[in-house]
**Q** 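Can you keep this structure in mind? I'll have questions shortly.
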Amino acid sequence: MSDTLLAALDSNWSAADPAALTPDHAARLAELEQLDPALVALYRRGSEVLAGAADANTLRDRHTALLGRERGVITLGLAEMPRLSVDERKVRGKALNLVKRWLTEVHDARREAIALEREAADALDVTLPGRRGFTGRPHVLSQVRDDLLDLFHGLGFSIYTSPEVELDEYNFEKLNFGPDHPARDAHDTYFAGPDVVLRTHTSPGWVRAMEERKPPLRLVFPGRVYRAEAVDASHMDQFHQIDGLFVDRNVSMADLKATLNTFARAIYRADLPTRIIPIYFPFVEPGVQMDVQCVTCSGTGHIATAEGGKRCPVCKGTKWVEVLGAGMVHPNVFRAVGIDPEIYTGFAFGMGLERIAMGRYGIPEIRLFLENDLRFLEQF
Ligand code: PHE
């Protein structure tokens, strides 16, 4: 009889020793041997496949096959009872109920164990090595900007922020650009409206600051600027500048030179030669350009190569690299903002952050700053 019932259980099912779940397993088998030996094989196999169920779904299927109310093995066994004698029936009934209770116990114990195994698998293993979270950092241009702002802070300059979308009046007119200056051409400047431009430099900040405040003024103007430029390795149509402005009584060219040399020594090298040469900007008079000696060729204009040397590609053989524009504030700019040029004088300078960062770190390509390639950004 037990054999026909056993046939209802898949012989390929994984099995395990139920003794770990029900410590009195051996005693149960012995008891059943005494009571109704025909059910011993059934209980042995049933308890083993319950104990061997790997997961909750498998366990549920096996529970259904064994203890399911309609087609379960125990139900089938009970259905056969009418064919037995009265005495046999008494024994079989008792034994089947016993097997049913015991299998239910094995099932419950295994279900508990599976739940615990799952919990353990999901638990946090505090002995594993930690995973380092992704930590961002300031962009290399932000680092250079902050270094410069720190430096100028130490020289008494405060930060003044002015808009990126600027009136033509501030970007050009009040900075003494003539109406026909080429920078005012749509080829060079992005126009947002007839009288509105994307600022082409951070110098319009001076105009705003001088209209708003009384001298003495010692300010720096960091920010993004735009030019309708063809993009290549050293030109972008947007980049960053920091302008500086110092307005007071008796401000002289000597103050400008001292300030620029302090800047160059801090940013480059304490003994790096610098020079100041005249150049034209409408908003300063005199206007100058500061150069530093070319770091790439150490001021020789040549670099060594396998073929015996060539012209330095960075300074193009000139031995100098331009770093900024500067000069004494033009009297017309003072007049435009209502400051009397007979009483006040001032100096101003403006530098490009990309160029400084490229020189400092040997970055050969300006487009890298905007590409956001982590392999680039992570180097700084
Ligand atoms: N604004 C000028 C430029 O963008 C730089 C500059 C600033 C020159 C201040 C002189 C004085 O090129």
Side-chain angles (χ1 to χ4, degrees), residues 141 145 148-149 152 155 157 159-164 166-178 181-185 187-190 197-210 217-229 234-247 251-253 255-261 263-264 274-292 321-334 336-337 339 341 344-356 358 366:
L141 287 176
R145 178 200 59 203
L148 289 170
L149 293 178
F152 287 115
L155 296 175
F157 288 80
I159 297 169
Y160 187 98
T161 323
S162 76
E164 282 180 33
E166 186 55 282
L167 293 171
D168 177 287
E169 193 187 352
Y170 287 86
N171 194 81
F172 295 123
E173 212 169 297
K174 291 183 171 178
L175 285 170
N176 199 37
F177 281 80
H181 193 283
R184 302 180 80 156
D185 196 299
H187 288 297
D188 295 308
T189 300
Y190 289 121
V197 299
L198 301 188
R199 65 177 174 196
T200 61
H201 50 174
T202 43
S203 308
W206 327 346
V207 180
R208 292 183 172 271
M210 288 190 289
L217 295 173
R218 221 185 296 185
L219 297 169
V220 279
F221 307 83
R224 191 186 294 248
V225 302
Y226 301 84
R227 287 186 198 172
E229 198 102 55
S234 53
H235 295 87
M236 285 278 285
D237 63 354
Q238 49 180 291
F239 54 100
H240 298 80
Q241 289 187 331
I242 296 183
D243 264 47
L245 175 71
F246 188 2
V247 181
V251 177
S252 75
M253 213 52 197
D255 299 315
L256 173 60
K257 279 187 72 172
T259 304
L260 295 183
N261 279 332
F263 150 79
T274 63
R275 70 174 184 183
I276 278 176
I277 56 175
I279 191 171
Y280 174 75
F281 297 101
F283 33 90
V284 283
E285 180 58 35
V288 299
Q289 150 183 335
M290 186 173 76
D291 295 348
V292 295
V321 176
E322 179 201 342
V323 281
L324 52 77
M328 301 306 290
V329 177
H330 196 291
N332 286 349
V333 175
F334 280 140
V337 296
I339 290 177
Y344 291 102
T345 51
F347 69 70
F349 56 84
M351 58 186 80
L353 286 188
E354 280 80 355
R355 171 170 299 197
I356 291 171
M358 288 166 84
I366 196 171

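Numbering of ligands and ligand atoms starts at 1, following listing order. None of the values given here were measured: they were computed from a predicted structure. No hydrogens, no waters, no symmetry mates; every other heavy atom, side chains included, goes into these values.
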**Q** Find out whether Val284 and Met328 are in side-chain contact, i.e. whether some heavy atom of one side chain is under 4.5 Å from a heavy atom of the other.
**A** no
**Q** Looking only at distance, does His201 have an N or O less than 3.5 Å from an N or O of ligand 1?
**A** yes
**Q** Contact between ligand 1 and Phe347 is defined here as a heavy atom of the residue under 4.0 Å from a ligand atom; is it met?
**A**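 No, Phe347 has no heavy atom closer than 4.0 Å to ligand 1.
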**Q** Near Arg227, which atoms of ligand 1 are under 4.0 Å from a heavy atom of that residue?
**A**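 Counting from 1, the qualifying ligand atoms are 3 (C), 4 (O), 12 (O).
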**Q** Is the closest side-chain donor-acceptor distance between Asn261 and Thr274 under 3.5 Å?
**A** yes
**Q** Can you find a pair of side-chain heavy atoms, one from Val197 and one from Arg184, that are under 4.5 Å apart?
**A**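 Answer no - side chains too far apart.
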**Q** Taking non-hydrogen atoms only, is Phe283 closer than 4.0 angstrom to ligand 1 via side chain, backbone, both or neither?
**A** side chain
**Q** Contact between Gln241 and ligand 1, counting heavy atoms under 4.0 Å?
**A** yes
**Q** Please state which part of Asp243 comes within less than 4.0 Å of ligand 1, counting heavy atoms only: side chain, backbone, both or neither.
**A** side chain
**Q** Look at the rings of Trp206 and Phe283 and say which category their plane angle falls in: under 30° parallel, 30 to 60° tilted, over 60° perpendicular.
**A**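 Aromatic pair Trp206/Phe283 classed perpendicular.
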**Q** Do side-chain atoms of Thr345 reach the backbone of Val251 as a donor and acceptor pair under 3.5 angstrom?
**A**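 Yes.
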**Q** Record the part of Tyr280 in heavy-atom contact with ligand 1 below 4.0 Å; permitted values are side chain, backbone, both and neither.
**A**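 Looking at Tyr280 and ligand 1, no heavy atom falls under 4.0 Å.
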**Q** Using heavy-atom distances only, which candidate in Gly287, Gly325, Ala348 approaches atom 8 (C) of ligand 1 most closely?
**A** Gly325
**Q** Is any side-chain heavy atom of His240 closer than 4.5 Å to a side-chain heavy atom of Arg355?
**A**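 SC-SC contact between His240 and Arg355 ruled out.
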**Q** So which protein heavy atom does atom 7 (C) of ligand 1 come closest to, and at what separation?
**A**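 Among all protein heavy atoms, the one nearest atom 7 (C) of ligand 1 is Gly350 N, 3.3 Å.
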**Q** Using a strict threshold of under 4.0 Å (side-chain N to carboxylate O), is an ion pair present between Asp237 and Arg227?
**A** no
**Q** Counting only heavy atoms, which portion of Ser203 has something under 4.0 Å from ligand 1: side chain, backbone, both, or neither?
**A** side chain
**Q** Could you tell me, atom by atom, which parts of ligand 1 come under 4.0 Å of a heavy atom of Trp206?
**A** 9 (C)
**Q** Answer yes or no for Arg199: is there a heavy-atom contact with ligand 1 below 4.0 Å?
**A** no
**Q** Under 4.0 Å from ligand 1, counting heavy atoms only, is it the side chain of Gln289, its backbone, both or neither?
**A**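 It is neither; nothing of Gln289 touches ligand 1.
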**Q** So Phe347 and Phe157, would you call those rings parallel, tilted or perpendicular, with 30° and 60° as cut-offs?
**A** tilted
**Q** Measure from NZ or CZ of Arg224 to the centre of the six-membered ring of Phe239, then state whether that distance is under 6.0 Å and the direction lies within 45° of the axis.
**A** no
